[in-house]
Structure formats: structure tokens, C-alpha cells
Amino acid sequence: MNLDKVPGPDVMSPLFFQTYWHFIHKDVVDATQNCFHSGFLLKFINETLITLIPKCNIPTNLTHYRPISLCNALYKAIFKILVNRLKPFLDACISKTQAVFVPGRQIFDNFIISHEYLHFLKNKRLGKVGHMALKLDMKKAYDRVEYFCEKWINWIMMCITSVSYSFNINGDKKNT
């Protein structure tokens, strides 16, 4: 993590953890291991503050703001562990035709290839070689998690379902 990242509701940046690591490392490691062993995140770990950053000098409507979510540093560390452990296996889990979530692939590649192929079929007028086109439902491309064991699914669900949001509105924190 970048050391100067804006802190979340815990008001601790990664720089704090690096600076005071010799004092806090045991507690951080214990808390992180406890999350993975128990499959449970304490509520305060996954508190997220949504704040609006103005895009211009005098914002007059909502489109003039950029929303950012500020997560607690411990949550970022836990999620980063999950991401880094999963990265080496993504290429094996996701087929070559599904181009998202794998470094070096872009979803736009699929659209370009599909468009070129359909253009070829539309303009093909001669020859006896047969061709076909497939209609694919891209919306359902990633709605399955059958690649992963139950423990991984539980860890991801732990991160998703334990979140609580607060909103920073004109400097006042509003809980939801």
C-alpha cells in the first residue's frame, strides 16, 4: 500500500503502521490471523467512509464531485492478502475468452473480436465453407464462484457482508 494513502475511519494510514510496526506488529498479525481462522471480521475493521471530493473550484451539483471510499488500514491489509494470494491462480481459473481480472487482458478485446467476426460473416457471400456465430450472455460471465473452495468464498463474503458505510457530508459524518 502507498504509505501516504488517505486514512479511513480509523485515522491510520499505512505510514502509521510502518512507523510504529515494532510496537503494533503482534496485534496486527494476531487480528489478521484471527479473521482468516474464524472467518469473521469485527465491525470496526470494515467501517468505510464515503466522501465526496470536488472536481472543480465551485461545485454546484453532484456530478462535480468524485466519490471515494476510505477503508480502515487493517481491512485493506486483509483484503490485500486475499488479492495477492489469488492473483497467481486467476489465469488458470478464468478462460482465455474472459478477458477481465487478468493482467494483460481487456474486456474490450472480446467486443472487438466479436465485431470483426460478425462483420466477416455478414460480408461473406461466396464459398462452401460453413461458418456460425454464437450469441453469448456476457452479463453471466462472472456470476459463478464454483472455481473456489468454500473457505475462499467465505473469506470473500466476510469482506463483502461485514461492511458498514458512513458518509462525509460537509465535514459531518452520517452513519447509515
Side-chain angles (χ1 to χ4, degrees), residues 1-94 98-108 141-145 147-176:
M1 289 185 277
N2 291 340
L3 297 179
D4 60 349
K5 285 283 187 182
V6 177
D10 62 359
V11 196
M12 291 185 277
S13 69
L15 180 61
F16 169 84
F17 284 85
Q18 185 183 50
T19 304
Y20 298 103
W21 186 248
H22 56 285
F23 293 117
I24 63 172
H25 74 277
K26 184 175 180 347
D27 292 328
V28 172
V29 170
D30 287 348
T32 303
Q33 287 178 339
N34 184 48
C35 288
F36 286 113
H37 290 301
S38 71
F40 179 74
L41 271 174
L42 296 173
K43 183 177 167 53
F44 76 90
I45 292 175
N46 203 357
E47 290 178 347
T48 301
L49 179 63
I50 307 293
T51 191
L52 300 176
I53 306 296
K55 295 180 189 176
C56 58
N57 289 338
I58 305 172
T60 56
N61 65 43
L62 201 53
T63 61
H64 294 153
Y65 292 93
R66 181 174 55 95
I68 62 169
S69 60
L70 305 172
C71 304
N72 286 327
L74 187 55
Y75 174 78
K76 287 180 191 177
I78 291 168
F79 201 73
K80 190 115 174 147
I81 290 168
L82 283 172
V83 168
N84 287 338
R85 286 186 178 179
L86 187 59
K87 265 184 191 177
F89 304 104
L90 280 180
D91 198 39
C93 294
I94 300 173
Q98 295 179 334
V100 188
F101 307 122
V102 178
R105 297 190 200 171
Q106 295 183 7
I107 196 165
F108 300 113
Y142 295 103
D143 66 352
R144 299 175 192 263
V145 289
Y147 305 116
F148 307 109
C149 70
E150 190 173 329
K151 187 174 264 193
W152 267 99
I153 295 168
N154 290 339
W155 286 339
I156 298 298
M157 293 306 292
M158 167 186 73
C159 292
I160 294 170
T161 60
S162 65
V163 68
S164 64
Y165 294 103
S166 299
F167 293 86
N168 183 1
I169 301 171
N170 296 328
D172 295 325
K173 186 175 170 183
K174 311 283 185 192
N175 295 324
T176 59

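Just so it is clear, the structure is predicted and the values come from calculations on it, not from any experiment. Both backbone and side-chain heavy atoms feed into the values below; hydrogens, waters and symmetry mates do not.
- Here ring-ring contact (aromatic ring centres under 6.0 Å, His included) pairs that include residues 152-172, with residues two or more places apart or in two chains, are Phe36-Trp155, Trp152-Trp155.
- Listed by chain and number, the residues in a salt bridge (charged side-chain N to carboxylate O under 4.0 Å, His left out) with Lys151 amount to none (sequence neighbours excluded).
- Here Asn61 pairs with Thr63 under the side-chain hydrogen bond (donor to acceptor under 3.5 Å, both in side chains) rule; sequence neighbours left out.
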Side-chain donor-acceptor distances from residues 17-24 under 3.5 Å, at least two apart:
unit_1, atom_1, unit_2, atom_2, d
Thr19, OG1, Leu15, O, 2.7

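- Residue pairs meeting the side chain to side chain donor-acceptor pair (under 3.5 Å) criterion with at least one member in residues 29-42, sequence neighbours excluded, are Lys26-Asp30.
- Applying the side-chain contact (heavy atoms from CB on, under 4.5 Å) criterion to Glu150, with sequence neighbours excluded, gives Asn154.
- Residue Arg66 comes nearest to Ile68 through the heavy atom pair NH1-CG2, 3.3 Å, listed as atom of the first residue, atom of the second, then distance.
- For the side-chain contact (heavy atoms from CB on, under 4.5 Å) test, residues two or more places apart in sequence or in another chain that qualify with Pro59 are Pro54, Cys56, His64, Tyr65.
- With sequence neighbours excluded, the residues forming a side-chain contact (heavy atoms from CB on, under 4.5 Å) with Val83 are Phe79, Lys87, listed by chain and number.
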Side-chain donor-acceptor contacts of residues 39-51 below 3.5 Å, not counting sequence neighbours, with atom names and distances?
unit_1, atom_1, unit_2, atom_2, d
Asn46, ND2, Cys159, O, 2.8
Asn46, ND2, Ser162, OG, 2.8
Thr51, OG1, Asn168, ND2, 3.2

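- Residues passing the salt bridge (charged side-chain N to carboxylate O under 4.0 Å, His left out) test with Asp27: none are found, sequence neighbours excluded.
- Shown here are the side-chain hydrogen bond (donor to acceptor under 3.5 Å, both in side chains) partners of Ser166, two or more places apart in sequence or in another chain: Asn175.
- For the atom pair CG (Leu82) and SG (Cys35), the distance works out to 10.0 Å, reported to the nearest 0.5 Å.
- For the side-chain contact (heavy atoms from CB on, under 4.5 Å) test, no residue two or more places apart in sequence or in another chain qualifies with Asn57.
- Proximity of a side-chain donor or acceptor of Asn72 to a complementary backbone N or O of Leu74 within less than 3.5 Å is not detected.
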